[in-house]
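Since the structure comes first, as structure tokens, the remarks are kept for the end.
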2 protein chains.
Amino acid sequence: MTNSSKIKVYQEVLEQIRLFIEEHELSEGDRLPSERELADQLGASRSSVREALRAIELLGLIETKHGEGTFLRTYRPYHSVELLATFVLRQPKTKEELLDVRQILEQQCIIRVMDHISSEDIDDLIEQLVTIDEQEVHEFIFKQLFSIVGNELLSKIWYLINNFSQASYRIIKSKSEYVRLLSFIKNKDIPNALSVLEHLYFDHD
Amino acid sequence: MTNSSKIKVYQEVLEQIRLFIEEHELSEGDRLPSERELADQLGASRSSVREALRAIELLGLIETKHGEGTFLRTYRPYHSVELLATFVLRQPKTKEELLDVRQILEQQCIIRVMDHISSEDIDDLIEQLVTIDEQEVHEFIFKQLFSIVGNELLSKIWYLINNFSQASYRIIKSKSEYVRLLSFIKNKDIPNALSVLEHLYFDHD
DNA sequence: AACTTATCAGTGGTCAGACCACCACTTTAA
DNA sequence: TTAAAGTGGTGGTCTGACCACTGATAAGTT
């Protein structure tokens, strides 16, 4: 008898909820039965039902509204990704690894943004730079660029890496460097844009 | 006052557990405090602690042994993958994003591995392919390649993405494709290697 | 002394029930 | 007609109880 052979109640509830959703063809925004109802129907206690629901919630599959009910939501892995990341990144990573991954993400961001960004967007960005503190220029620009690229998952990963990075180092360059970068992006000049980007990661100014 | 502003107890517990693991530098196999202890320390009820623990368990971060305690484990998706599958399949956007990110990571892996891998390594890999089930060839090869590249952070991110991906699709190509890929890597032929890689993502065989 | 068995404390698993906060809706009062 | 108070249902949280399982200790047996 293996120790993992016993199925816990909350896991059974999990499966039943899944089946319920499938059978009733529920989709985004639809409401699930109340916790008490589920407990009753499935012959489990409300506690067990809640354990299952909280787990699904953390996965990002449902959304809970106090006083209203539990609703299906559009699934995005990002909630769990964030939590997983904090565990995965638990051990202090070397500065090089963080920088490496960061570079990959930002390179790809620049490559991909070329297809989506307009000249006006870039001009707007350059204008806004005036109001941004120099320490936050890098983060500001890439936050904008990533959101233009539109891949939320990519953005989220970058954002996490960015935050972890700032614990050990910070990219601070003069705004003129970023204006150059943006200009190359405007001209769809990938090689030069990437070249400028690479310079940003070095310490010397 | 937005409705999402209130943090639930179980979410706070989640965060505290994460911090506890960080502070005490716990790693795989280490035991967490008992549910009652956690409840006491964090000033929460055991129910709330359990909601948090069950959620983490579903994610695959911890393992629970009846009568013994709760233990950290290396991340392995638990029920989460099957559970997510039902939902992710209906979210084309998420699927696209996952594939996109995955492609980025695997491209970079191939580019980077060229500097670290020897001809013998590749020959070994090709030999081992015989024993691998066709369904797992892709995962197997990249697991090896990533470990050769040496950036643990990159590896872990890929591993996470890979697992999430498998909830919605799976890359299955004949082994000969992978032999081609490895051959190009052997010859340090980046363009052709990336070209083969790109083919892998398409459905047609 | 060595070995088996019984006991026990600690742990997770589950449940029932209580109370609160919140929301949508209805009823009531101005 | 409109504003206020009430109402029922919902999630959020806590308490305390009991069970099943585990590992170690104590007691008993050979």
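Values in this document were obtained by computation on a predicted structure and should not be read as measured data. Numbers restart at 1 for each chain; the letters A, B, ... are given by sequence-line order, proteins then strands.
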Please set out all donor-acceptor pairs under 3.5 angstrom arising from side-chain atoms of residues 141-150 of chain B, sequence neighbours excluded.
| from | atom 1 | to | atom 2 | distance (Å) |
| --- | --- | --- | --- | --- |
| Ser147(B) | OG | Gln144(B) | O | 3.0 |

Identify all side-chain donor-acceptor contacts of residues 122-136 of chain B below 3.5 Å with residues at least two apart in sequence or on another chain.
| from | atom 1 | to | atom 2 | distance (Å) |
| --- | --- | --- | --- | --- |
| Asp123(B) | OD1 | Lys186(B) | NZ | 2.9 |
| Thr131(B) | OG1 | Gln128(B) | O | 2.8 |
| Asp133(B) | OD2 | Gln135(B) | N | 3.4 |

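Environment of CZ in Phe71(B): crowded, with over 12 heavy atoms of neighbouring residues, nucleotides or ligands closer than 6.0 Å.
Within residues 45-54 of chain A, the residues that have a heavy atom under 4.0 Å from DNA chain D are, in order of number, Arg46(A), Arg50(A), Arg54(A).
If you measure from atom NZ of Lys8(A) to atom P of dG12(C), you get 10 Å, rounded to the nearest angstrom. Rounded to whole Å, the distance from CD1 on Ile7(A) to P on dA20(D) is 19 Å. Put simply, CZ on Phe71(B) is 13 Å from C1' on dC21(D), counting in whole angstrom units. Rounded to whole Å, the distance from CG on Leu14(A) to P on dT14(C) is 12 Å. In this structure, Leu42(B) atom CG and dC14(D) atom P are separated by 11 Å, rounded to whole Å. When the C1' atom of dG12(D) is taken as reference, atom CG of Leu38(A) falls 16 Å away, rounded to whole Å. Residue Glu35(A) contributes atom CD, which lies 21 Å from atom P of dG8(D) at whole-angstrom precision. The interatomic distance linking Tyr10(B) (OH) with dC14(D) (P) rounds to 14 Å, in whole Å.
For Asp30(B), the side-chain contact (heavy atoms from CB on, under 4.5 Å) test picks out Leu26(B), Ser27(B), with sequence neighbours left out. For Asp121(A), there are no salt bridge (charged side-chain N to carboxylate O under 4.0 Å, His left out) partners at least two apart in sequence or on another chain. For Glu15(A), the side chain to side chain donor-acceptor pair (under 3.5 Å) partners are Arg18(A), not counting sequence neighbours. For Glu106(B), the side chain to side chain donor-acceptor pair (under 3.5 Å) partners two or more places apart in sequence, or in a different chain, are Arg102(B), His138(B), Trp158(B), Tyr201(B). Taking the side-chain contact (heavy atoms from CB on, under 4.5 Å) definition, one finds that Glu28(A) meets it with Thr74(A), sequence neighbours left out.
Taking a cutoff of 4.0 Å between a charged side-chain nitrogen and a carboxylate oxygen, Glu35(B) and Arg54(B) qualify as a salt bridge.
Remark: the backbone N or O of Ala44(B) is not paired with any side-chain donor or acceptor of Ser48(B) at under 3.5 angstrom. In terms of modelled atom types and a separation under 3.5 Å, the side chain of Lys173(A) and the main chain of Tyr178(A) share no donor-acceptor contact.
Using a 4.5 Å heavy-atom cutoff, the side chains of Ile17(A) and Leu14(A) are not in contact.
The bend of the helix from dA1(C)-dT30(D) to dA30(C)-dT1(D), defined by the angle between the axes of its first five and last five pairs, stands at 20° to the nearest 10°.
Residue pairs meeting the ring-ring contact (aromatic ring centres under 6.0 Å, His included) criterion with at least one member in residues 22-53 of chain B, sequence neighbours excluded, are Phe20(B)-His24(B).
Here Lys6(B) does not reach the OP1 or OP2 of dA21(C): none of its side-chain N or O atoms lies under 4.0 Å away.
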Using the 3.5 Å cut-off, write out each protein N or O paired with an N or O of nucleotides 5-10 of chain C and the distance between them.
| from | atom 1 | to | atom 2 | distance (Å) |
| --- | --- | --- | --- | --- |
| dG10(C) | N2 | Gly67(B) | O | 3.1 |

Can you give me the N/O atom pairs linking the protein to nucleotides 4-6 of chain D at distances under 3.5 Å, or say none if there are none?
none

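Ranking dG12(C), dC14(D), dG11(D) by closeness to the Arg36(B) side chain, first place goes to dG12(C).
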Working note: Arg31(B) + Glu63(B), criterion salt bridge (charged side-chain N to carboxylate O under 4.0 Å, His left out); need CA distance, chi angles, decisive distance, verdict.
CA-CA 10 Å; Arg31(B) 189 171 154 257; Glu63(B) 184 178 14; over 6 Å; no
